[in-house]
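This report refers to the structure that appears directly beneath it.
Keep in mind that the numbers below use all heavy atoms, side chains included, and drop hydrogens, waters and symmetry copies. The first residue of the sequence shown is numbered 1, and numbering continues consecutively from there.
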Amino acid sequence: MATAADPIEQVKERIEMLSLEAAREEIASGAELIDVREQHEWDDAHLEGAKHVPQAELAGKIEELVPERDKRIVLYCRTDNRSARQADILEQMGYRNVAVIKGGITAWTEAGLPVVATLTPEQRTRYSRHTLLPEIGVEGQLKLLNSKVLLLGAGGLGSPTALYLAAAGVGTIGIVDDDVVDASNLQRQVIHTTDRVGVPKTASAKQTIEALNPDVKVVEYNLRLDASNILDILAGYDVIVDGADNFPTRYLLNDASVRLRKPVVSASILGFEGQISTFIPYDGPCYRCLYPTPPPPELAPSCGANGVLGVMAGVMGLLQANEVVKLVTGVGETLSGRLLLYESLSTRFTELKVRRDPECPICGENAPEIAPEDMGKFPDYELFCGAPAREPSPAA
């Protein structure tokens with residue numbers, strides 16, 4: 001009878017050892033793939049589709065994990081010693097179809113085969129408070145590191161959003177802004193500093209983000225978003241954060257994001273009030289469902305004309321960052337279908353339900369289908385909004 005004291009060479013002689021090619025075929029055919037290494041090894045890298053059961057726990061969990069004794073099971077470890085011994089144990093327990101990947105994950109990676117790369121030791125330390133959360137964990141943090149988020153504006157809303165998304169480890173942050181830092185911005189645009197007055201906001205934001213988290217790649221778009229470039233810019237991102245300062249751009253963003261099916265987290269602030277919602281094309285209302293037509297310019301004064309409490313930008317920007325994290329990781333409930341209003345003088349939140357408009361000209365049931373050759377064609381939003389090109393909305 002086999003015992004734990006048997007030399008490993010003897011164990012391997014009675015265990016089916018799979019070549020890498022054979023292992024790939026077995027996995028593709030639906031074999032139960034199990035990684036018997038320790039947690040820190042799994043965190044470094046593992047094979048896609050594998051289940052992690054450390055060797056000390058495998059015998060106690062295998063009957064629950066694989067109740068059928070004839071089910072094909074493929075084990076692996078760093079090389080193949082631990083997995084061979086575990087396969088031997090499973091066979092003694094009555095499992096009749098067990099095999100081991102010869103050479104383990106080491107041989108797999110040396111052959112250039114794909115693995116699910118996880119966190120480096122430095123990243124495990126940096127993001128430890130995220131990975132401790134069961135809802136986020138290593139998997140959620142990897143989603144953040146692999147995500148691409150576009151910020152429309154590096155102003156009052158874009159500043160806190162960018163800082164917290166960078167701290168959270170969003171892998172790529174694109175920033176669209178054609179403005180430069182002004183002294184009047186510093187009361188609320190916390191990503192910029194006094195010594196950067198006159199510097200393009202995209203460059204200033206990039207400098208702060210890279211100092212905060214070297215994991216983050218910052219892509220600058222020192223330009224104004226318009227009909228000629230919006231589809232190309234939005235196409236490479238998973239989530240769009242709307243911090244625009246004018247209604248024409250907001251409507252352009254909405255129509256383009258619906259065409260590309262990109263979720264948009266939109267917020268605005270003015271005075272002591274702010275509002276935020278998340279628009280997920282065809283899963284909920286779009287911006288036009290909420291605002292079919294823009295208000296007249298005289299009813300939408302700018303922050304420069306009306307003023308804004310600086311911390312309002314922080315409150316609403318952080319809510320935007322929170323929405324992005326939920327969208328990327330897939331946890332929690334987003335603000336899709338809800339408009340959240342905040343009034344700072346009384347510290348009061350009010351929530352309004354927003355339904356998708358079946359008559360919406362952009363996402364409604366009868367909305368005209370856009371032909372591929374017309375994807376880049378948009379109406380005149382300046383004319384639609386009845387405002388000059390830089391007329392501000394209650395943004396930041």
Does R78 have more than 12 heavy atoms from other residues, nucleotides or ligands lying within 6.0 Å of its CZ? no
Inset, instruction - Walk me through it: do D238 and K148 pass the test salt bridge (charged side-chain N to carboxylate O under 4.0 Å, His left out)? - result: CA-CA 5 Å; D238 305 310; K148 297 180 179 181; over 6 Å; no
Quick one, L90 and L75 - any side-chain contact, counting heavy atoms below 4.5 Å? yes
Do NZ/NE/NH1/NH2 and the carboxylate oxygens of K326 and E323 come within less than 4.0 Å?
yes
Starting from the C-alpha separation in whole Å, work towards a yes-or-no answer on side-chain contact (heavy atoms from CB on, under 4.5 Å) for F279 and S257. CA-CA 9 Å; F279 304 111; S257 63; over 6 Å; no
Worksheet entry | Ion pair R37/D35, N-O distance below 4.0 Å | yes
Heavy-atom nearest pair, R14 first then E91, reads O-OE1, 3.8 Å
Practice prompt. Check the surroundings of atom CD in E351: do more than 12 heavy atoms from other residues, nucleotides or ligands lie under 6.0 Å from it?
Written response: yes
Worksheet entry | Any side-chain donor near an acceptor of the partner, Y381 and N246, under 3.5 Å | no
- Query: Around Y342, counting heavy atoms of other residues, nucleotides and ligands shown, do more than 12 lie under 6.0 Å from its OH?
  - Reply: yes
With salt bridge (charged side-chain N to carboxylate O under 4.0 Å, His left out) as the criterion, how do D44 and R124 come out once you've worked through the C-alpha distance, each side chain's angles and the decisive distance to 0.1 Å? CA-CA 10 Å; D44 286 337; R124 286 201 293 273; 2.7 Å; yes
Query raised in the report: How about R196 and T208: does a side-chain donor come under 3.5 Å of a side-chain acceptor?
Result: yes
Separation between SG (C77) and CD1 (I34), nearest 0.5 Å, reads 13.0 Å
**Request:** May I ask you to check if R250 and Y291 form a cation-pi contact, with NZ or CZ under 6.0 angstrom from the six-membered ring centre and within 45° of the axis?
**Result:** no
Quick check: are there more than 12 heavy atoms from other residues, nucleotides or ligands sitting under 6.0 Å from CD of E68?
-> yes
Which of D6, D88, N81 passes side chain to side chain donor-acceptor pair (under 3.5 Å) with K12? Answer is N81
**Prompt:** So does R69 pair up with E63, basic N to acidic O under 4.0 Å?
**Reply:** yes
D357 with R288: basic N within carboxylate O range, under 4.0 Å: no
